[in-house]
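These numbers come from the heavy atoms of this one structure, side chains and all, not from hydrogens, waters or symmetry mates. Residue indices begin at 1 and follow the sequence shown.
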Amino acid sequence: MGKKSWKETGALIGIVVCNVLSPLGITYYSLLWGDFFSPNPSRKNIFEWFSPFHPAIIHQPLALWFLLSILVFAALVTLIALGVIRTPRTRFFLLSTTVFFIYALTSARGIMFYYLGLLFLVGDTLIVASSSLQKIFRKVLPIILILLVGISVYFFRFGYSNGVNTRVFSLTYSREKFPDAPLSQLASFNLDGNIFTEYGSGSFLVWKLYGVKRAYMDGALHDRIYSDGLYDHYIKIGNDLGTIKADIAKFTIQAFVLPLPTSADDVVEIYKYLSTDPGWALSYFDDHFLVFVDASVAQMKQIPVFTLLNPLLDLEKALKEKPTISDTAEAQLKKAAVMLPDSFNRRALEVIWLWGSNQTPAARTKLEELTHYCDDHDPSATCYQRLVRQLFKYNQLTKALQFTNRITSWFAPASFSFILKGDVEAAAGRFDQAKKSYKSGLSVSLNRVEQATIAAKLKTLEESKKRFDATSGN
């Protein structure tokens with residue numbers, strides 16, 4: 001074994017030792033192994049653990065680039081198998097890339113690891129290849145570079161299209177995914193009890209309030225960290241009132257930080273309970289999160305709360321049924337303007353208040369201003385979906401169609417985007433387009449309840465089309 005091989009071996013041993021010295025110790029490798037061959041049944045509910053050949057993923061550009069990269073990988077494996085390239089380093093890169101390739105075949109989250117290994121393998125092959133082989137590589141190199149650049153551009157577009165308010169390529173994080181402002185606000189009140197965060201943002205709580213608060217659930221979901229059935233229990237707390245109350249008492253939960261629902265279907269039992277039970281008060285909301293605090297704790301800690309601005313309640317209906325609360329709603333809006341950040345949600349509530357207070361011209365002006373909010377402040381799919389729902393609500397179908405087309409063309413396909421698009425198209429009398437949108441939503445849907453909902457919408461659509469054709473014929 002030469003000096004060079006000893007150096008490479010020493011570097012590999014150093015990497016192993018450094019990982020063992022991490023807080024996880026030797027269990028780091030068992031957790032890594034668990035990522036490849038985990039029997040955890042909870043992962044069947046999580047999108048990133050699906051195979052890239054799953055019906056919900058295979059039609060996306062990510063899967064297309066993955067298929068193209070397999071051709072490059074196959075060519076390199078062939079060259080190494082034929083003995084054209086024989087260095088130990090290349091064999092090591094081949095082994096690691098093969099492991100990540102197997103990982104990527106079973107789980108979409110492994111694709112980026114596989115791409116990284118493939119990049120090293122391509123680079124090393126170019127370095128050690130013979131002169132004759134390098135001539136061949138010079139001819140195919142543009143194709144390889146186009147492939148790699150295409151992958152990079154795709155992911156850059158995905159990140160950039162979420163806008164500077166949610167995801168930027170620098171030392172920061174997505175404000176759409178992680179509740180920085182809500183947790184910062186709660187931290188300032190020094191709550192004695194715990195803060196509930198959901199699966200997607202639990203890891204952020206661990207990082208933000210490490211050593212101060214413990215997460216109820218986070219995205220690791222490793223078998224050695226979480227016991228079997230815990231994720232199923234986590235799912236249950238969202239829909240079962242008994243479980244919600246039991247866990248509040250068991251874990252001394254004094255605050256809930258929850259993602260703001262993007263549709264009525266997302267308003268599960270936990271939202272309904274916290275929105276209507278007098279023991280809980282809304283203390284914060286923005287475009288992405290809601291914070292509910294124990295009402296007695298809010299009073300003791302002097303936490304500001306909002307009585308009418310709960311975006312889950314039908315404020316417009318309340319204003320129409322009890323016009324006397326209009327002044328209270330206005331006062332709450334002014335309070336929110338001072339205490340909360342500017343957000344689409346807050347502006348939308350102002351439109352509701354103006355409309356419900358019979359100030360129609362002012363409401364139309366505010367609604368028009370709202371159509372520019374996403375472009376100017378938050379060009380994310382979530383923001384545009386909320387905008388479409390507001391336009392749809394006030395029968396602004398032409399503009400709603402404009403933004404639904406933007407959602408489906410700018411962002412990765414999602415079932416709820418297609419459903420929303422179909423709803424708007426159906427309301428506008430574009431039945432054939434609505435049928436196509438619903439079927440697209442059905443093809444990418446992972447939820448049986450949602451699939452049944454789409455099937456019902458398709459049936460209703462056919463009946464509406466028949467009535468429309470019959471009326472037109474007369």
Checklist entry - What closest approach, in Å, do V257 and P179 show between heavy atoms, and which atom pair accounts for it? => result CG1-CB, 3.7 Å
Next on the checklist: Using 0.5 Å steps for rounding, measure from the CG atom of N345 to the CD atom of Q390.
Outcome noted: 8.5 Å
Next on the checklist: What I want to find out is whether D277 reaches K272 closely enough, with some N-O distance under 4.0 Å, to be called a salt bridge.
Outcome noted: no
Next on the checklist: Given 3.5 Å as the limit, does a donor-acceptor pair link the side chain of S443 with the main chain of S440, or not?
Outcome noted: yes
Item to check | By salt bridge (Lys or Arg N to Asp or Glu O under 4.0 Å) - contacts of K459 (at least two apart) | outcome: none
Checklist entry - Aromatic rings F256 and W280: how do their planes relate, parallel, tilted or perpendicular, breaks at 30° and 60°? => result perpendicular
Next on the checklist: Around atom CZ of R364, are there more than 12 heavy atoms from other residues, nucleotides or ligands closer than 6.0 Å?
Outcome noted: no
Under 3.5 Å, which donor-acceptor pairs do the side chains of residues 293-309 form with other protein atoms, sequence neighbours left out?
unit_1	atom_1	unit_2	atom_2	d
D294	OD1	S296	N	2.9
D294	OD1	S296	OG	2.6
K301	NZ	N190	O	3.0

Next on the checklist: Would the distance check show the side chain of N194 and the main-chain N or O of F251 forming a donor-acceptor pair, the cut-off being under 3.5 Å?
Outcome noted: yes
Checklist outcome for this item: For A427 and F392 the tightest heavy-atom approach is CB-CE1, 3.4 Å
Checklist entry - Under 3.5 Å, is there a donor-acceptor pair between the side chain of R346 and the main chain of L333? => result no
Item to check | Under 3.5 Å donor-acceptor, K399 side chain and E368 backbone | outcome: no
Checklist entry - Any donor-acceptor pair under 3.5 Å linking the side chain of T365 with the backbone of P361? => result yes
Checklist entry - Step by step, would you call Y384 with D378 a side-chain hydrogen bond (donor to acceptor under 3.5 Å, both in side chains)? => result CA-CA 9 Å; Y384 287 118; D378 186 11; over 6 Å; no
Checklist entry - Would you say K393 has more than 12 foreign heavy atoms packed within less than 6.0 Å of its NZ? => result yes
Item to check | ring-ring contact (aromatic ring centres under 6.0 Å, His included) pairs, two or more places apart, involving residues 349-370 | outcome: W355-Y394
Checklist entry - With a 4.0 Å cut-off, would you call D423 and K457 a salt bridge? => result yes
Next on the checklist: Please evaluate residues F178 and F204 with respect to the criterion ring pair (Phe, Tyr, Trp, His ring centres under 6.0 Å), reporting the C-alpha separation (whole Å), side-chain torsions for both, the decisive distance (0.1 Å), and the verdict.
Outcome noted: CA-CA 6 Å; F178 302 115; F204 188 78; 5.4 Å; yes
Checklist entry - To the nearest 0.5 Å, what is the distance between CG (L370) and CZ (R386)? => result 11.0 Å
Checklist entry - Can you name the closest pair of heavy atoms from S283 and Q185 and give their distance? => result O-NE2, 3.4 Å
Item to check | Residue pairs, two or more places apart or on separate chains, that pass disulfide bond (SG atoms under 2.5 Å apart) and touch residues 281-316 | outcome: none
Item to check | Distance in Å, I270 CD1 paired with I237 CD1, rounded so as to fall on 0.5 Å steps | outcome: 5.0 Å
Next on the checklist: For E198, give me all partners under side-chain hydrogen bond (donor to acceptor under 3.5 Å, both in side chains), at least two apart in sequence or on another chain.
Outcome noted: S201
Item to check | Check ion pair K421-E425 (N to O, under 4.0 angstrom) | outcome: yes
Item to check | Residue pairs fulfilling disulfide bond (SG atoms under 2.5 Å apart) with at least one residue in residues 269-299, sequence neighbours excluded | outcome: none
Next on the checklist: Between Y373 and D342, does the side-chain hydrogen bond (donor to acceptor under 3.5 Å, both in side chains) criterion hold? Intermediate values first, please.
Outcome noted: CA-CA 10 Å; Y373 181 87; D342 183 27; 4.9 Å; no
Item to check | Cationic N near anionic O, under 4.0 Å, E330 to K335 | outcome: no
Item to check | Greater than 12 external heavy atoms within 6.0 Å of R406's CZ | outcome: yes
Next on the checklist: In this structure, is the centre-to-centre distance between the rings of F418 and Y438 below 6.0 Å?
Outcome noted: no
Checklist entry - Atom CG of L420 and atom CZ of F403: how far apart are they, to the nearest 0.5 Å? => result 12.5 Å
Checklist entry - With distance as the sole test, does T408 use its side chain to make a donor-acceptor pair with the main-chain N or O of T404 at under 3.5 Å? => result yes
